[in-house]
Amino acid sequence: MIEATNSENSVTGNVPVITVDGPSGSGKGTLCQKLADRLGWALLDSGALYRLVGYVANKKGITDQAGIAEQALNLDIEFINDPATGELLSILEGQDVTRDIRTETCGDLASRVAAIPEVRAALLKRQRAFRVTPGLIADGRDMGTVVFPAAPVKIFLEATAEERAKRRYNQLKEKGFDASLAKIFDEISERDERDLKRSSSPLAIAADALVIDSSKLSIDEVFERVLKAASQFI
Ligand code: DC
């Protein structure tokens, strides 16, 4: 039985949250890490949770939706800061799988399991538990619409599919992965389509979100805009 709640916890309700939603490759990850570092706030990389569920289900050969949701509910994970690089490491069942879950294949698996309503329900409570003092930066697709609907600062970060594919390509190359720009563009477009069209918590802009198009902005320019928008709470 999956336990899910639709309301944010009243005990943590006063802890400020900045939600950052948007499609793959819009620059959310870099922005959120920078915000968390500057403010000294906790960071929720919700995409990593969906990637971990996709990874585990694939590894264990689980294909039925109830079985995948069960994995999501009982996911044995820990996120720790690598003291050498400052990078957030994903530890699954005691193993460092940070690199394994960053592949495009795993992104695709994540997008598929993310379309299962029971998986989303299973991860809801876990995501809300990241809301701790002094504050939280929440990176995802439904942070401002579903997980933290009462967040005082909501950002929706956009960029054209071409720009996002280029960024993802450069990111993968930098990390030493093999990559093809054309293939990444196709994968991003396909993933966008799935994330936008799924019936359960599709990627959507919260009514009270500040929309920033990062196509022609540097990360520092985006960062300054967000800090300005959040100035009242930081
Ligand atoms: O941000 P990312 O690329 O690591 O996310 C991987 C997939 O997980 C993405 O295709 C959609 C899904 N996802 C989601 O549905 N909801 C979230 N809050 C975060 C990610």
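The structure displayed is predicted, hence computed values, not measured ones. Counting starts at 1 for both ligands and their atoms, in listed order.
In the model, Asp96 has a side-chain atom that pairs as donor or acceptor with a side-chain atom of Thr98 under 3.5 Å. Looking only at atom types and distance, the side chain of Asp37 has a donor-acceptor partner in the side chain of Gln33 under 3.5 Å away. Side chains of Arg167 and Ser214: a donor on one and an acceptor on the other come within 3.5 Å.
Protein heavy atom in closest approach to atom 20 (C) of ligand 1: Gly47 CA, 3.6 Å. Protein heavy atom in closest approach to atom 19 (C) of ligand 1: Ser46 OG, 3.4 Å. Of the protein's non-hydrogen atoms, Arg120 NH2, 3.0 Å is the one closest to atom 16 (N) of ligand 1. Closest protein heavy atom to atom 8 (O) of ligand 1: Tyr50 CB, 3.6 Å. In this structure, atom 10 (O) of ligand 1 lies nearest to the protein heavy atom Asp195 OD2, 3.0 Å. Here the protein heavy atom with the shortest distance to atom 9 (C) of ligand 1 is Arg141 NH2, 3.3 Å. With respect to atom 4 (O) of ligand 1, the closest heavy atom belonging to the protein is Arg51 NE, 2.6 Å.
Around the NZ atom of Lys59, the shell of radius 6.0 Å holds no more than 12 heavy atoms that belong to other residues, nucleotides or ligands. Atom CG of Asp178 sits in a sparse spot, with 12 or fewer heavy atoms from other residues, nucleotides or ligands closer than 6.0 Å. Counting non-hydrogen atoms of other residues, nucleotides and ligands closer than 6.0 Å to CD of Glu93 gives a total above 12. With a 6.0 Å radius and a threshold of 12 heavy atoms from other residues, nucleotides or ligands, Arg194 has its CZ atom above the threshold.
Heavy-atom contacts of Met143 reach the following atoms of ligand 1: 18 (N) (cutoff under 4.0 Å). For ligand 1, the atoms sitting less than 4.0 Å from at least one non-hydrogen atom of Ala114 are 12 (C), 15 (O), numbered in the order shown with element in parentheses. Distances below 4.0 Å separate heavy atoms of Arg198 from the following atoms of ligand 1: 14 (C), 15 (O).
Screening Ser46, Ser201, Ser24 against Arg141 for a side chain to side chain donor-acceptor pair (under 3.5 Å) leaves a single residue, Ser24.
Side-chain contact between Val113 and Gln71 is absent, with no heavy-atom pair separated by less than 4.5 Å.
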side-chain hydrogen bond (donor to acceptor under 3.5 Å, both in side chains) for Asp213 and Ser215? Distances and angles first, verdict last. CA-CA 6 Å; Asp213 183 345; Ser215 303; 2.7 Å; yes

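For Lys28, the closest heavy-atom approach to ligand 1 falls below 4.0 Å.
Between the choices Gly25, Ala110, Pro202, the shortest heavy-atom distance to atom 6 (C) of ligand 1 belongs to Ala110.
Between Asp142 and ligand 1, at least one pair of N/O atoms sits closer than 3.5 Å. The shortest N or O to N or O distance between Asp139 and ligand 1 is not below 3.5 Å.
Within the 4.0 Å heavy-atom criterion, the part of Arg191 lying near ligand 1 is the side chain and not the backbone. Under 4.0 angstrom from ligand 1, the non-hydrogen atoms of Arg168 all belong to its side chain.
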